[in-house]
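First the structure, in the form of structure tokens, and then the observations on it.
We're numbering straight along the sequence, starting at 1.
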Amino acid sequence: MARSSRQLDPTVVVIFGASGDLAWRKLIPALYNLGLDRRLPEKVAIVGIARSAMADDAFRAHLREGVDRFSRRGKADPATWDTFAANVSYLSGEYGEAGVYERLAQRVAELEKAWGAAPDLLFYMSTPPTLVAPVAERLAAVRLTQDVERARVVVEKPFGRDLESALELNRALWRHLDERQIFRIDHFLGKETVQNILALRFANSLFEPVWNRRYIDHVQITVAEQVGIENRGGYYDKFGALRDMIQNHLVQVLCFVAMECPVSFDAQEIRSKKVDVLRALRPIPPERVPHYAVRGQYGAGWLRGEKLPAYRAEAGVPEGSNTETFAALKLYVDNWRWNGVPFYLRTGKRMPGRVSEVVVQFHEVPHQTFPPSASADLQPNRLVIRIQPNEGITLSLQAKEPGTVMRLRTVDMRFCYAEAFKTSQPEAYETLLADVFNDDATSFIHADQVEAAWRIVTPVLDYWEANPPTDFPNYPANSWGPEAATSLLARDERNWSVPLLRDDAGDD
């Protein structure tokens, strides 16, 4: 249970990479909103560290611009911002420079003296993945992470580029940190609707009895992005859709959908149930990869009268790149509950809309009672959990149309967050940062989850590397992906659910 700001110990938040886009767009707006909600400690200091030379006032002005542009509450109130900004400072220097860490340790010592209490230390690694281990080593050298109970390190994805690099990153962190101190963050796990999957399943007796292979035909998980790579060609081309989205975001959502009921809402218990799912995922035989996995790369296309460039024409993308911008997988969870039920995962860029959702498709009724004339368009029940945008849940049912003739039609029962709660939802980073302040790792990823997820996608990555695509680009921008993705389900006599879109191309 979250503690109030009065119960939280004094805390120093240190953001490495503080001059970057993540801190500007997400982290500082999240911390500012937590302050407005009285979810920050009463005694808190935020220290930004980056290579760029910048005075404290210039840093604060830069951060306020980010809050004004990206906070869910709109522009900052001047008085409230001044109170928040008074706790913000900046240190510049190279991440490998010992003096930076000595100055940081000195600042922490000064705050401890002023507060009259040893503070909790929250270190946020908003840096390139290659710097995470070296920064952790430098922090340990100045003894800022030695207190296992007070020091926490938040690590952004990607957690490695493959299984070997993920294992090495974990080993490097463990040389200086206890696993309890490491908070591997996946912002998808902070989204209200993802967290609501647990409430939907385990707080409602209606769903649990039918949440198994006897009643569910298959599950689809879609994360579609309307945008392209947005000037991130150099970064994105090293990873691609399978590494960037499926290995972490979509697989984590799958775990919430498929996990067994936990004994309690305890971090270790939740993690254990998720690991059980990952271990039950059927390995993909290397020779069968084309039957379980599809890749794609967007070509040129049109959106609202604007010509969109092909991926290979985007800035920073090497000529003739074979990096996929679309990926789809068919996975099976080989356990008692889910045996034989396929889970279809897909993600892609330059798709017709921005949407993330889980579709639970139920079996058809075992016997058709109604005459063909009444049920020509009869469809199986379907539960749609919309993660973003228009967060909510829709359950499709069959109902009789009004009139003297028996005719059935599919109708929807809808729950919408915005309508039900009449309040703006916290951003994912607000939820997750509040959890770090509370030392609550429930919504964070344990090392064994990272490794298990990499083991699932490794055969696909290896096969794709050994067999370069011959058809890229194979789907136009503003489409739902390559024809092979349709065939992936068609071979099983199924088809992709077409999301209901709204005109929303924002980021997540």
Side-chain angles (χ1 to χ4, degrees), residues 21 25 69-70 187-188 191 220-246 249-250 290 293-330 344-359 384 386-392 394 464 468-491 494-508:
D21 196 58
R25 292 166 59 100
R69 290 183 59 179
F70 301 111
H187 73 276
F188 249 60
K191 292 182 180 295
Q220 299 179 24
I221 302 174
T222 295
V223 177
E225 298 178 276
Q226 194 175 70
V227 297
I229 56 172
E230 297 185 299
N231 300 314
R232 296 167 64 237
Y235 165 83
Y236 188 86
D237 201 70
K238 295 181 177 68
F239 290 92
L242 187 63
R243 288 184 173 97
D244 189 50
M245 296 295 291
I246 288 184
H249 295 332
L250 277 76
V294 170
R295 56 182 159 174
Q297 186 188 91
Y298 65 81
W302 292 87
L303 177 66
R304 303 189 191 98
E306 177 188 356
K307 183 67 179 291
L308 303 174
Y311 174 74
R312 292 176 175 177
E314 299 272 21
V317 175
E319 184 178 355
S321 169
N322 285 326
T323 297
E324 80 282 356
T325 61
F326 175 97
L329 288 184
K330 177 171 69 172
Y344 300 101
L345 282 58
R346 66 171 169 172
T347 185
K349 290 188 176 293
R350 287 295 187 208
M351 306 195 84
R354 166 184 173 255
V355 61
S356 300
E357 67 180 26
V358 177
V359 177
V384 179
R386 178 64 71 95
I387 298 171
Q388 66 180 21
N390 293 334
E391 293 84 350
T394 302
W464 285 355
T470 58
D471 60 347
F472 278 8
N474 59 0
Y475 72 97
N478 198 29
S479 72
W480 285 110
E483 184 178 344
T486 302
S487 300
L488 182 69
L489 272 69
R491 287 195 296 268
R494 299 182 176 98
N495 51 65
W496 290 106
S497 173
V498 179
L500 179 65
L501 300 178
R502 75 175 189 181
D503 188 13
D504 187 331
D507 61 33
D508 58 4

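Y344 and L489 make their closest contact through CD2-CD1, 3.3 Å (heavy atoms, listed as atom of the first residue, atom of the second, distance). In plain terms, the two heavy atoms of L488 and A328 that are nearest each other are CD2-CB, 4.1 Å. When all heavy atoms of R295 and P469 are compared, the pair lying nearest together is NH1-CD, 3.4 Å. Smallest separation of non-hydrogen atoms from G296 and N474: CA-OD1, 3.1 Å. Smallest separation of non-hydrogen atoms from P309 and R350: CD-NH2, 4.4 Å. Pairing each heavy atom of S479 with each of P352, the nearest pair is O-CD, 3.1 Å.
Residues P482 and V294 are in side-chain contact: their nearest non-hydrogen atoms beyond the backbone lie under 4.5 Å apart. No side-chain heavy atom of K330 sits under 4.5 Å from any side-chain heavy atom of R346. Considering only heavy atoms from C-beta on, H187 comes within 4.5 Å of H249 through its side chain.
In this view, S497 and Q220, E357, V359, R382 satisfy the side-chain contact (heavy atoms from CB on, under 4.5 Å) rule, not counting sequence neighbours. The side chain to side chain donor-acceptor pair (under 3.5 Å) test applied to R243 returns no partner, not counting sequence neighbours. Legend: residues meeting ring-ring contact (aromatic ring centres under 6.0 Å, His included) with Y475, ordered by chain and number and at least two apart, are F326. Every residue was checked against the salt bridge (Lys or Arg N to Asp or Glu O under 4.0 Å) condition with E324, not counting sequence neighbours, and none meets it. Scored by the ring-ring contact (aromatic ring centres under 6.0 Å, His included) test, F239 finds Y235 as partners (sequence neighbours excluded). For the salt bridge (Lys or Arg N to Asp or Glu O under 4.0 Å) test, no residue two or more places apart in sequence or in another chain qualifies with E391. In this view, A293 and V289, L329, V460, W464 satisfy the side-chain contact (heavy atoms from CB on, under 4.5 Å) rule, not counting sequence neighbours. R69 is linked by a side-chain contact (heavy atoms from CB on, under 4.5 Å) to W24, E65, counting only residues two or more places apart in sequence or in another chain. Remark: S321 pairs with D237, T323 by the side chain to side chain donor-acceptor pair (under 3.5 Å) rule, at least two apart or across chains. In this structure, D471 has no salt bridge (Lys or Arg N to Asp or Glu O under 4.0 Å) partners at least two apart in sequence or on a different chain. With sequence neighbours excluded, the residues satisfying side chain to side chain donor-acceptor pair (under 3.5 Å) with S356 are Q388. Residues passing the side chain to side chain donor-acceptor pair (under 3.5 Å) test with Q297 are R312, sequence neighbours excluded.
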**OP:** Determine, stepwise, if the pair R386 / T394 fulfils side-chain contact (heavy atoms from CB on, under 4.5 Å).
**Re:** CA-CA 8 Å; R386 178 64 71 95; T394 302; over 6 Å; no
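Relative ring orientation between Y298 and Y311 is described as perpendicular, the plane-to-plane angle rising above 60° on a 0-90° scale split at 30° and 60°.
Interatomic distance, CD1 of I221 versus CE of M245, reported as 12.0 Å (0.5 Å rounding). Once rounded to the nearest 0.5 Å, the distance linking CG of N390 with CG of L500 reads 8.0 Å. Rounded to the nearest 0.5 angstrom, L242 CG and T325 OG1 are separated by 12.5 Å. Taken from CE in M351 to CG in L303, the straight-line distance is 13.0 Å, to the nearest 0.5 Å.
Between the side chain of W496 and the backbone N or O of T222, no donor-acceptor pair lies under 3.5 Å. A distance-only check finds a donor-acceptor pair linking the side chain of N478 to the backbone of W302 [under 3.5 Å]. Panel note: side chain T347, backbone V223; a donor-acceptor pair is recorded below 3.5 Å.
With respect to E225 and R354, no salt bridge is recorded, no charged nitrogen being found less than 4.0 Å from a carboxylate O.
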